Number of protein chains: 4
Amino acid sequence: MAEPRYRRRKEDRPDEITAAALSAFAENGYAATRVEEVAKRAGISKGLLYLYFKTKEELFKAVIRSVVIPRVDALELALDQSTLSAEAFLRGPMLQFMQGIPGSPVGIVVRLMIAEAHRHPDLVDYYWQNVVSRGLAALQRILDRGVENGEFRRTAVNELPHLLIAPVIFSVIWKLLFENRSLDTDRLIECHIDMILNDIKA
Amino acid sequence: MAEPRYRRRKEDRPDEITAAALSAFAENGYAATRVEEVAKRAGISKGLLYLYFKTKEELFKAVIRSVVIPRVDALELALDQSTLSAEAFLRGPMLQFMQGIPGSPVGIVVRLMIAEAHRHPDLVDYYWQNVVSRGLAALQRILDRGVENGEFRRTAVNELPHLLIAPVIFSVIWKLLFENRSLDTDRLIECHIDMILNDIKA
Amino acid sequence: MAEPRYRRRKEDRPDEITAAALSAFAENGYAATRVEEVAKRAGISKGLLYLYFKTKEELFKAVIRSVVIPRVDALELALDQSTLSAEAFLRGPMLQFMQGIPGSPVGIVVRLMIAEAHRHPDLVDYYWQNVVSRGLAALQRILDRGVENGEFRRTAVNELPHLLIAPVIFSVIWKLLFENRSLDTDRLIECHIDMILNDIKA
Amino acid sequence: MAEPRYRRRKEDRPDEITAAALSAFAENGYAATRVEEVAKRAGISKGLLYLYFKTKEELFKAVIRSVVIPRVDALELALDQSTLSAEAFLRGPMLQFMQGIPGSPVGIVVRLMIAEAHRHPDLVDYYWQNVVSRGLAALQRILDRGVENGEFRRTAVNELPHLLIAPVIFSVIWKLLFENRSLDTDRLIECHIDMILNDIKA
DNA sequence: AATGAATGAGTATTCATTCAT
DNA sequence: CATGAATGAATACTCATTCAT
């Protein structure tokens with residue numbers, strides 16, 4: 001039952017490789033990760049990796065995209081299909097979404113972005129357009145919907161939806177640096193949402 | 001055989017070097033900064049730099065310390081010597097302190113910590129003990145003083161002073177990634193403080 | 001289950017491949033040409049190419065042979081069947097033959113030989129025996145025939161027929177290096193032949 | 001009397017390195033020569049080589065220049081300072097100069113140029129401007145001087161001074177490919193000069 | 001016969017660190 | 001103290017060749 005040397009799994013490879021890369025980048029960061037190490041984790045040779053990703057940077061970008069786009073898609077879908085009140089949405093699916101981020105690959109991606117952004121300006125553009133803009137727009141839609149419903153007052157938060165996610169980013173960073181030092185990030189985020197809702201409720 | 005008039009004194013060198021290193025790290029990150037570049041910015045030779053810092057990592061740690069400790073010292077001092085009410089302190093010196101961070105060397109240090117923490121666990125320990133713990137304790141003292149004063153209610157924020165600085169960290173990250181995309185971080189931080197004060201005022 | 005109408009026959013393949021290889025080598029040189037590129041130009045897969053040529057070097061040698069042997073054959077044939085006087089032969093078919101070389105595959109082959117000879121000593125032997133010796137012998141026969149005819153004197157050229165083709169090789173090199181810088185190689189070669197004939201005519 | 005590890009010979013290094021590179025390139029060609037091999041022959045480390053030549057290509061260009069420029073300088077100088085008749089110059093210093101080329105580094109450089117020109121178009125430009133143009137101009141001056149003297153007729157050679165050096169290039173190539181197969185290149189070149197002089201003498 | 005996925009050896013270049021001067 | 005020449009380990013990427021299908 002030896003592993004076959006040739007597996008011919010063209011379709012599965014890219015995802016296997018980005019998954020391997022994510023785990024390697026998570027442990028050592030982008031710069032310190034050797035391409036060969038990624039290949040080893042993916043169970044393939046260096047050469048084959050280069051068949052799918054022309055450079056280490058391409059691989060990096062693919063990892064970012066593969067992790068982050070599905071999340072934004074999911075958020076938008078949830079928002080569009082939800083029949084909940086704005087408050088119920090924020091306390092329910094939105095809270096869950098936010099709490100899920102710090103422990104997930106998204107956290108790793110944020111770290112990678114922070115560390116490497118300087119050298120990949122086009123990736124920053126991509127990230128801005130496909131992640132940040134869309135995410136902020138989604139937040140704004142929730143808040144605006146609440147205002148239209150008569151649930152919420154119109155406050156500064158409507159123009160600064162960033163306020164909503166600040167503690168999520170904070171938690172990501174915290175987990176990254178002080179993983180073992182206690183902080184209940186779930187509670188932190190929940191308190192924050194509470195506070196905001198108290199502030200904006202009509 | 002006159003002594004050069006403005007001969008640099010030995011004691012100033014370390015600070016000159018860490019300052020040079022900070023500016024280099026700020027532009028290119030730690031890994032991408034060559035020791036020679038730091039030496040050049042400090043106006044000395046590579047060899048001399050190694051006389052003061054045995055390795056690049058030592059230099060890195062010195063930079064972190066030199067930037068961050070004075071800030072915490074200043075915060076503690078301001079807090080201890082202030083005769084303002086808790087609210088006035090938060091809206092005054094504290095707000096100013098927080099707004100100052102994203103554009104200051106502290107922002108750079110945060111970025112460096114995030115990018116490099118993995119490879120310098122002892123630095124994380126140091127940072128935790130001498131910066132984060134002390135900072136959080138200071139925040140807690142302000143809040144507790146407010147409670148004792150009767151200004152504030154005791155709420156979750158008393159146990160989670162992190163909530164106060166979350167938007168500061170967020171702003172640091174934002175500036176780092178999206179410097180040119182508009183966000184008024186001063187206003188973001190001010191709104192956040194407003195919201196918290198509304199929440200906790202008795 | 002009809003046979004494809006224009007199914008390529010096995011026998012044509014090697015020539016198709018060497019032709020593809022020649023065009024690729026002409027553009028990029030031997031070392032810089034990837035086997036895959038040759039396969040693509042030949043409209044086949046890499047694997048199939050290796051069925052016909054065991055190594056890239058084998059392919060290289062086949063290309064050299066395929067280009068150069070027919071030329072020498074043609075020269076010998078023309079010489080043997082010609083009923084022209086030696087001078088008329090030199091001014092007519094021979095001149096045309098020489099002028100044709102710089103812009104032809106032979107030029108490419110000369111370039112390849114020069115660049116790669118060091119690493120393929122057996123190819124040099126082959127080239128020597130089957131191309132250079134035969135070519136020089138042919139030249140010598142023309143000259144000797146001229147002497148026997150009483151057309152020519154016996155001069156140093158009879159022992160150094162190389163003198164006849166020196167400007168051809170020169171033209172090949174020139175075209176290769178300075179393609180765009182003007183030099184009328186046809187005229188160069190013609191002048192040279194003129195000069196030689198003036199020299200050796202009885 | 002052990003070799004000192006540190007020699008600190010900044011001024012001598014570049015020439016030592018280009019000399020080492022020339023010998024390595026001569027043996028194996030440019031592409032097949034490892035930078036490390038050049039360093040070894042120069043008795044230094046790879047890193048130090050890169051202190052003087054930023055890339056392998058830079059090194060290549062330096063080699064070309066170092067070999068070829070002095071020769072052209074020497075030719076021009078000889079020509080300008082000579083008081084010989086045109087014929088005497090061609091039969092004397094010029095013949096010697098031409099005969100010296102095939103066995104000298106210039107031959108190696110010609111080979112390198114032929115093999116690598118495609119990938120270094122700026123080097124071809126440089127070579128054209130600083131070697132070929134100057135060389136041809138010098139030849140033309142000799143011939144024109146002869147015409148002015150009344151020594152020579154004005155013939156095609158005046159416009160095609162290339163004819164003079166064709167056998168030199170031929171000899172270079174020959175030596176390169178067939179070093180061991182007998183050809184007296186000195187005699188080849190002398191015969192050629194003889195022939196040309198017979199042709200153009202008034 | 002034909003494919004192309006898979007392998008892995010081979011190499012230019014960088015940069016932290018040392019040490020003769 | 002001060003210099004900067006010198007070292008060499010480390011790593012992304014290429015491409016001839018193989019072989020399961």
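What you see is a predicted model; the values in this text were computed from it and never measured. First the proteins, then the strands, lettered A, B, ... as listed; each starts at 1.
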C/Glu57 meets the salt bridge (charged side-chain N to carboxylate O under 4.0 Å, His left out) criterion, sequence neighbours left out, with C/Lys61
What's the CG-P distance between C/Leu48 and E/dG4, to the nearest Å? 11 Å
In whole angstroms, how far is the P atom of E/dC15 from the CG atom of B/Asn28? 11 Å
Of the candidates F/dT3, E/dT7, F/dT7, the side chain of B/Ile44 sits closest to F/dT3
If the plane angle is over 60° it's perpendicular, under 30° parallel, otherwise tilted; pick one for A/His120 and A/Tyr30. perpendicular
Using a heavy-atom distance cut-off of less than 4.0 Å, which residues of residues 58-67 of chain A contact DNA chain E? none
Length of the line joining D/Ile17:CD1 and F/dA6:C1', which is rounded to integer Å: 11 Å
Could you tell me whether D/Glu36 atom CD has more than 12 heavy atoms of other residues or ligands within 6.0 Å of it? no
Side-chain heavy atoms of A/Trp128 within contact of B/Leu177, under 4.5 Å: no
Would you say C/Arg111's side chain and C/Ala26's backbone share a donor-acceptor pair under 3.5 angstrom? yes
Atom CG of B/Leu49 and atom C1' of F/dG4 are separated, to the nearest Å, by 13 Å
Name all stems that contain residues of DNA chain F, defined as runs of 3 or more consecutive Watson-Crick or G-U wobble pairs, both distances under 3.5 Å. E:2-21 with F:2-21
How about NZ on A/Lys56, more than 12 heavy atoms from neighbouring residues, nucleotides or ligands closer than 6.0 Å, or not? yes
Identify, with sequence neighbours excluded, every residue that meets salt bridge (charged side-chain N to carboxylate O under 4.0 Å, His left out) alongside A/Arg65. none
How would you summarise protein contacts on nucleotides 9-14 of chain E per nucleotide, using B for base, S for sugar-phosphate only and - for none, with heavy-atom distances below 4.0 Å? BBSSBB
What's the OH-P distance between D/Tyr52 and F/dG4, to the nearest Å? 13 Å
Rounded to whole Å, CD of C/Glu116 lies from P of F/dA16 at a distance of 12 Å
Would you indicate what B/Leu51 reaches in the nucleic acid, counting non-hydrogen atoms under 4.0 angstrom: base, sugar-phosphate, or nothing? nothing
Residues in side-chain contact (heavy atoms from CB on, under 4.5 Å) with D/Asn130, at least two apart? D/Ile69, D/Tyr126
Indicate whether OP1 or OP2 belonging to E/dA1 is found under 4.0 Å from a side-chain N or O atom of C/Arg13. no
